[in-house]
There are 2 protein chains.
Amino acid sequence: MKPKLTLKQIARELDVSVSTVSKALRDSIEISEETRQKVKAFAKLYNYKPNNIALSLKNRKTRTIGIVLPEIVHDFFATVISGVEQVANEKGYNVIICLSNNSFDREVMNMEMLANGSTDGFILSIAKETQQKKDYHHLEEVINQGMPLVLFDRVVDEIKCDKVIIDDTAGAKKAVQHLIDIGCKRIGIITTVDYISVGKLRTQGYLEALEANGMSPDEDLILKIEDMQGSEKEIAEFLKTRDLDGIFAVNEQFSTSAIRGLLNKGLKVPDDVSVIGFSDGELAHRFIPSLSTINQHGAEIGARAARLLIERLERSVDAEESYQTQIVETSLIERESTRHK
Amino acid sequence: MKPKLTLKQIARELDVSVSTVSKALRDSIEISEETRQKVKAFAKLYNYKPNNIALSLKNRKTRTIGIVLPEIVHDFFATVISGVEQVANEKGYNVIICLSNNSFDREVMNMEMLANGSTDGFILSIAKETQQKKDYHHLEEVINQGMPLVLFDRVVDEIKCDKVIIDDTAGAKKAVQHLIDIGCKRIGIITTVDYISVGKLRTQGYLEALEANGMSPDEDLILKIEDMQGSEKEIAEFLKTRDLDGIFAVNEQFSTSAIRGLLNKGLKVPDDVSVIGFSDGELAHRFIPSLSTINQHGAEIGARAARLLIERLERSVDAEESYQTQIVETSLIERESTRHK
DNA sequence: TTGTATGCGTTATCAG
DNA sequence: CTGATAACGCATACAA
């Protein structure tokens, strides 16, 4: 086992000073061609790699960006990560991923940990519990310390920073409009409780679509789910007593639960009821019937978030609070779970 | 914007030396009760947190473990991560996740990056391309540098290190035995090409199960898939011309493709053909019919890998190559996609 | 009880 | 052209 090679060791080995080695390796013109070659050859031979930790300490920069996510068993977040990784790697940045598991405490802990030198900035989607508590001091904290923060997906107006979101309301409206276009008359929605920002917005899109088509919303056709646990049963119960010909479910899980509920009730999808979801992951794509849905373009969201963050990181002066909110367009994907009457 | 508080600033503010502050904060008995209180109060008030980078440099330890994964859009890997995070956090370790995207180059790059000071050790599942090339120099490299490595899932005999695997062969055998138990006579397998270690092992389990029951394997009922791309079509073609009553598919994706292929052929699952998969994610759980499958216990794998790694990290002396391979038991999950004839 | 000096690995500045 | 020195933030052996 050979410990990692350092400048000091190279210097000793070659009988020159540390600073000479350092300069030679960075192609400084101060160093003679000869020494430079000698040093570089040696470094290459023994595969010298500078120690990132030392560099970070010296430069007060880590060239690392931290992603904090509520969960990862969710294709959407996985694709966002890919997007971030993509542009981060292009620009020579490293990526650290941490999970909050939707817990406020874990979110705070993770951010503190990363903020203490591990990371130059953050890309974050707010944990469910945090949205519920409306306690964002940890976000303000890192911003105050001069670490840029980019929020995506689950964002919050109170925090002044760059944001990348989709137009959830418009996306939902698009989904419901699709149901209306194919002839659905009694359209239900399966959504989350209102404190989940995206749930609330998608519910709003549902209402707007109905209104835009002169259909009056019926409270009885709206199901708001608090907890993923037990949602399947809740959805089945809900469907049992409603007579619907279209359903908009705000995520992949709810969509599949809905279809199962309908099947159990003896109804066929899309023959009797059309179902459209939100988010386009493996589940939507592989399910039978495959799910019509709204594509959130997670990779694009991640890529833009990374670009915004890196731009801000590399801007020499503090570009006076010119925070922007980028909106990524959603698109309708028509598959088997919806069909014209 | 206030830059982060350092020991030096506290020292200046309180008019004591840096080392006094340092000692006071670590409750050294060398420091008078009075000074200690004063320093701690100040630190608390201004929310002092030591700089991880400086600590890492000083201690030559990062208390961070790096996970390198082939992909993440895969519930299995997501659950492994949860397992790792769980025990890592318990033991005060941080987790960095990097993706190789199944590319050899990215795997090497990521490991080099992390090895240069970001991480004390690795938990890794080998990229597909790496297994194909059989080039593991980057793994030997980190081991040589004294950084422990724990391999999981896709492991390789050539590398001497701790490993956490499931018994893929036994798991596959269990799956096929289940098909046999419920009365299947003509059982096909949809698997990967042999250079994917787990694919090969699962194929072997399939063969062993047949043999154990006195059924002779039929080459014509074995489909080996090279690329995920286009696998759906390949599977459909395969099924079109075979007369089967049972199918073992080595992952969730293949299982669902198989079911779709059968449906298109006018066959019902499980009425006409029983299908069993491998790996238990959202897809297997939500699909209609829900998939009978082999549970890999990803969280358990992650937890064990983390424990092995941390143990080795904290072992004072180099415990002379007592590498161990832990085997996590798989279990059969019976759901709707298989039924007794 | 407190402070000074040293070192972790690197680079920048300045002196030789 | 080369090398000594200081600094990044922290901890610790050693001096006072």
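Every chain is numbered from 1, with letters handed out A, B, ... down the list of sequences.
- At whole-Å resolution of the value, CZ in B/Arg12 and P in D/dG9 are 10 Å apart.
- When heavy atoms are screened at a 4.0 angstrom cut-off, B/Val18 is found touching no nucleic acid atom at all.
- What separates CD1 of B/Ile10 from C1' of D/dC10 is a distance of 12 Å, to the nearest Å.
- For the pair B/Lys4 NZ and D/dC8 P, the computed distance is 17 Å after rounding to whole Å.
- Side-chain polar atoms of B/Gln324 and B/Gln326 form a donor-acceptor pair below 3.5 angstrom.
- B/Thr35 comes within 4.0 angstrom of sugar-phosphate atoms only, judged by non-hydrogen atoms across all strands, and of no base.
- Within the nucleic acid shown, A/Leu7 comes within 4.0 Å of at least one base atom, counting heavy atoms only.
- Rounded to whole angstrom, the span from the NZ atom of B/Lys58 across to the C1' atom of D/dC10 amounts to 7 Å.
- An OP1 or OP2 oxygen of D/dG9 is reached within less than 4.0 angstrom by a side-chain nitrogen or oxygen of A/Arg60.
- Per the geometry, CG belonging to B/Leu5 stands 16 Å off C1' belonging to D/dC8, to the nearest Å.
- Take A/Arg154 and apply the side chain to side chain donor-acceptor pair (under 3.5 Å) test, not counting sequence neighbours, and it matches A/Asn102.
- Projected onto DNA chain C by closest heavy-atom contact, B/Glu33 and B/Leu57 fall at different nucleotides, the more 5' of which corresponds to B/Glu33.
- Ion pairing between B/Glu311 and B/Lys91 fails under the 4.0 Å rule for side-chain N and carboxylate O.
- The CD atom of A/Glu158 sits 6.0 Å away from atom NZ of A/Lys134, with the distance rounded to the nearest 0.5 Å.
- At the heavy-atom level, B/Ser22 lies under 4.0 Å from base atoms of the strands shown.
- For DNA chain C, the contact window with chain A, defined by any atom under 4.0 Å from a protein heavy atom, covers C/dC8 to C/dC14 in 5' to 3' order.
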Distances under 3.5 Å between protein N/O atoms and the N/O atoms of nucleotides 13-16 of chain D, please, pair by pair.
unit_1: D/dA13; atom_1: N6; unit_2: B/Lys23; atom_2: NZ; d: 3.4

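- In this structure, A/Lys133 forms a cation-pi arrangement with A/Phe104, its terminal cationic atom sitting closer than 6.0 Å to the ring centre and no more than 45° off the ring axis.
- With sequence neighbours excluded, the residues satisfying side chain to side chain donor-acceptor pair (under 3.5 Å) with A/Gln37 are A/Glu33.
- With sequence neighbours left out, B/Glu30 forms a side-chain contact (heavy atoms from CB on, under 4.5 Å) with B/Lys23, B/Ser28.
- For DNA chain D, the neighbouring residues in residues 42-55 of chain B, judged by any heavy atom under 4.0 Å, are B/Tyr48, B/Pro50, B/Asn51, B/Ala54, B/Leu55.
- A donor and an acceptor atom, one from each side chain of A/Ser22 and A/Ser19, are nowhere located under 3.5 Å apart.
- Salt bridge annotation for A/Glu141-B/Lys49: absent, with no cationic side-chain nitrogen under 4.0 angstrom from a carboxylate oxygen.
- Using a 4.0 Å cut-off between a side-chain N of Lys or Arg and a carboxylate O of Asp or Glu, B/Arg312 and B/Asp162 qualify as a salt bridge.
- Remark: C1' of D/dG9 and NZ of A/Lys61 are 18 Å apart, rounded to the nearest angstrom.
- Counting heavy atoms from C-beta on, the side chains of A/Ile67 and A/Phe77 never come closer than 4.5 Å.
- Under 4.0 Å is where a charged nitrogen must lie from a carboxylate oxygen, and between B/Glu314 and B/Arg63 at least one such pair does.
- For the pair A/Arg36 CZ and D/dG3 P, the computed distance is 15 Å after rounding to whole Å.
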